[in-house]
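The first residue in the sequence is number 1, and the count goes up from there. Side chains included, hydrogens not; waters and symmetry mates left out as well; all remaining heavy atoms used.
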Amino acid sequence: QFLDVPAAEVVSPLDLQPRLDRLDLAQVYRRQSIVGITDTRLPRLIFQRLVLERSALRQNLGRLAEDRALVRHAEMVLQKRILEALGDEGTRKSLMGGGPIAPLLLDLPPELLPEIPPEMEEGALPAAPGLYAMLSLHDAISISNLVTRRQALRHQAWGIGISGLTASALGLIEADELPADWLILNWSGALDDSQTLKTLRRLDPSRLILDGCDGEAALSWGLGQGIYLFGGSWIEDVIAAGRMDYCSEAARCLRSECRARGLATSPSGRFGCHKPSLLESVLPGSQA
């Protein structure tokens, strides 16, 4: 009977590039805000982040998403395209809605990091980063010269962040030794484990970003650990509510509409906003 089972249909990699060519960046990228909270009544925009939504990518790839190598290649192609798009004023405004008005966090593979210049000007001071390359934890620990590269990138106004730090990962690595400006910690209840908390206390909370905040519990926990930077779905709801409190046209919109427009990375996704300048500022009164 097993011999009667038809063989699985082969997925051809030749179909990948034409599908990627037809894919608009706005279909798979979303804008995310990272806010600083010391006073819960006055959240401030600190960073913006362009996030590749892998679920949306897989949906657009269809059966090609069954091959992990093809998905990885597709991600790299799109990450290269987004980097090129940010270098063009027109496409940058389309993606960011007129911004970025705060330093940008951008997920990148090591292959797309700028090369270390053969010589650096003697006595040159590092520049304040306007763009932070967010490396996955797996990629970051595989780069043997990350310390050197980070120092060199600072002279090109680039910074380094590391994403994907989870409760389980904290028990497997020396997170306090990671050479990065920022570490993105994924929120989960498992972070409240006594052993995990012990590990966390070795980290400088001022360089941690608690992402994935889905409610007040995440915020309360983070503030209790000395963390002041937050991102996640609940944070986006707070931002949308803050915008609408300041917006004279708020009665014409739903909060869900304001939230979706704030996350959009295309003019069509922001269509319907009656106060685009307020939408572009992300959070009224914020300063990076």
Side-chain angles (χ1 to χ4, degrees), residues 8-32 34 47-97 99-100 103-117 129-146 149-150 152-153 156-165 180 182 184 186 211 231 263-270:
E9 185 180 346
V10 177
V11 177
S12 172
L14 297 177
D15 298 333
L16 179 62
Q17 194 57 51
R19 191 165 298 203
L20 290 177
D21 290 340
R22 295 192 299 269
L23 191 61
D24 192 282
L25 290 173
Q27 293 176 260
V28 290
Y29 271 93
R30 291 293 176 268
R31 187 169 66 161
Q32 180 185 357
I34 305 296
F47 296 115
Q48 289 195 85
R49 187 181 183 189
L50 280 175
V51 180
L52 176 62
E53 291 194 324
R54 286 169 171 80
S55 58
L57 173 59
R58 288 178 177 277
Q59 184 177 358
N60 279 279
L61 290 181
R63 293 198 64 249
L64 293 173
E66 296 172 11
D67 189 315
R68 291 184 181 180
L70 292 182
V71 173
R72 174 70 173 172
H73 176 74
E75 289 175 358
M76 188 175 297
V77 169
L78 292 170
Q79 288 165 329
K80 184 178 180 181
R81 278 177 59 190
I82 201 83
L83 193 59
E84 292 170 346
L86 289 170
D88 178 84
E89 185 178 357
T91 53
R92 182 174 66 249
K93 286 184 177 180
S94 176
L95 285 164
M96 304 303 299
L104 181 64
L105 309 181
L106 185 65
D107 295 353
L108 289 177
E111 294 84 352
L112 293 182
L113 291 179
E115 294 294 330
I116 299 177
L131 176 66
Y132 290 87
M134 302 304 297
L135 303 171
S136 71
L137 180 59
H138 176 270
D139 284 338
I141 61 179
S142 67
I143 302 175
S144 58
N145 66 340
L146 187 55
R149 296 195 76 169
R150 179 189 172 202
L153 287 174
Q156 302 177 56
W158 280 61
I160 292 288
I162 297 175
S163 62
L165 205 58
W182 301 102
I184 293 188
N186 295 338
D211 196 19
L263 295 171
T265 50
S266 70
S268 61
R270 293 184 284 272

Original post:
How about Q17: does its CD atom have over 12 heavy atoms from other parts shown lying under 6.0 Å from it?
Top reply: yes

Original post:
Taking atom CD of E111 as the centre, does the number of heavy atoms from other residues, nucleotides or ligands within less than 6.0 Å exceed 12?
Top reply: yes

**OP:** For residues G87 and R92, report the shortest heavy-atom separation together with the two atoms involved.
**Re:** C-NH1, 4.3 Å

Original post:
For the atom pair CZ (F47) and CD1 (I184), what is the distance rounded to the nearest 0.5 Å?
Top reply: 9.5 Å

**OP:** May I ask you to test the I82-L95 pair for a side-chain heavy-atom distance under 4.5 Å?
**Re:** yes

Original post:
Looking at side-chain heavy atoms only, is the closest gap between V51 and L105 below 4.5 Å?
Top reply: no

Original post:
Closest heavy-atom contact between A26 and S266?
Top reply: CB-CB, 3.6 Å

Subject >> N/O donor-acceptor pair under 3.5 Å between T265 side chain and Y29 backbone >> reply: yes

Subject >> Any L61 side-chain heavy atom under 4.5 Å of L70 side chain >> reply: no

Subject >> Minimum-distance pair of heavy atoms, taken over all atoms of E115 and Q156 >> reply: O-NE2, 3.5 Å

Original post:
Rounded to the nearest 0.5 Å, what separation is found between the CZ atom of R63 and the CG atom of D15?
Top reply: 10.0 Å

**OP:** Please answer whether the main-chain N or O of S144 pairs with a side-chain N or O of R149 as donor and acceptor at a distance below 3.5 Å.
**Re:** no

Original post:
Is there a side-chain contact between L16 and V77 (heavy atoms, below 4.5 Å)?
Top reply: no

Original post:
Are any non-hydrogen side-chain atoms of D139 and D107 less than 4.5 angstrom apart?
Top reply: no

**OP:** Of all the heavy-atom pairs spanning N186 and G164, show the shortest one and how long it is.
**Re:** ND2-CA, 3.9 Å

Subject >> Inter-residue atom distance L50.CG - Q79.CD, 0.5 Å rounding >> reply: 11.5 Å

Subject >> Closest approach of M134 to I162 (non-hydrogen atoms, all atoms of both residues) >> reply: CE-N, 3.7 Å

**OP:** Report, as yes or no, whether the 6.0 Å neighbourhood of atom CZ on R58 holds more than 12 heavy atoms from other residues, nucleotides or ligands.
**Re:** no

Subject >> Euclidean distance, L135 CG relative to L146 CG, rounded to 0.5 Å >> reply: 6.5 Å

Original post:
Looking only at heavy atoms, what is the nearest atom pair of A56 and V28, with distance?
Top reply: C-CG1, 4.0 Å

Subject >> Heavy-atom side-chain proximity of L108 to W158 below 4.5 angstrom >> reply: yes

Original post:
Has the side chain of R270 got a donor or acceptor atom that lies under 3.5 Å from a matching backbone atom of A264?
Top reply: yes

Subject >> Residue pair L23 / R19, side-chain heavy-atom distance below 4.5 Å >> reply: no

**OP:** Could you tell me whether R49 and D211 have a side-chain N and a carboxylate O separated by less than 4.0 Å?
**Re:** yes

Original post:
Can you tell me how far the OG1 atom of T91 sits from the CG atom of L25, to the nearest 0.5 Å?
Top reply: 8.5 Å

Subject >> Point-to-point distance, once rounded to the nearest 0.5 Å, from OG of S136 to CD1 of I141 >> reply: 8.5 Å

Original post:
If you count the non-hydrogen atoms of other residues, nucleotides and ligands that lie under 6.0 Å from CD in E84, is the total more than 12?
Top reply: yes

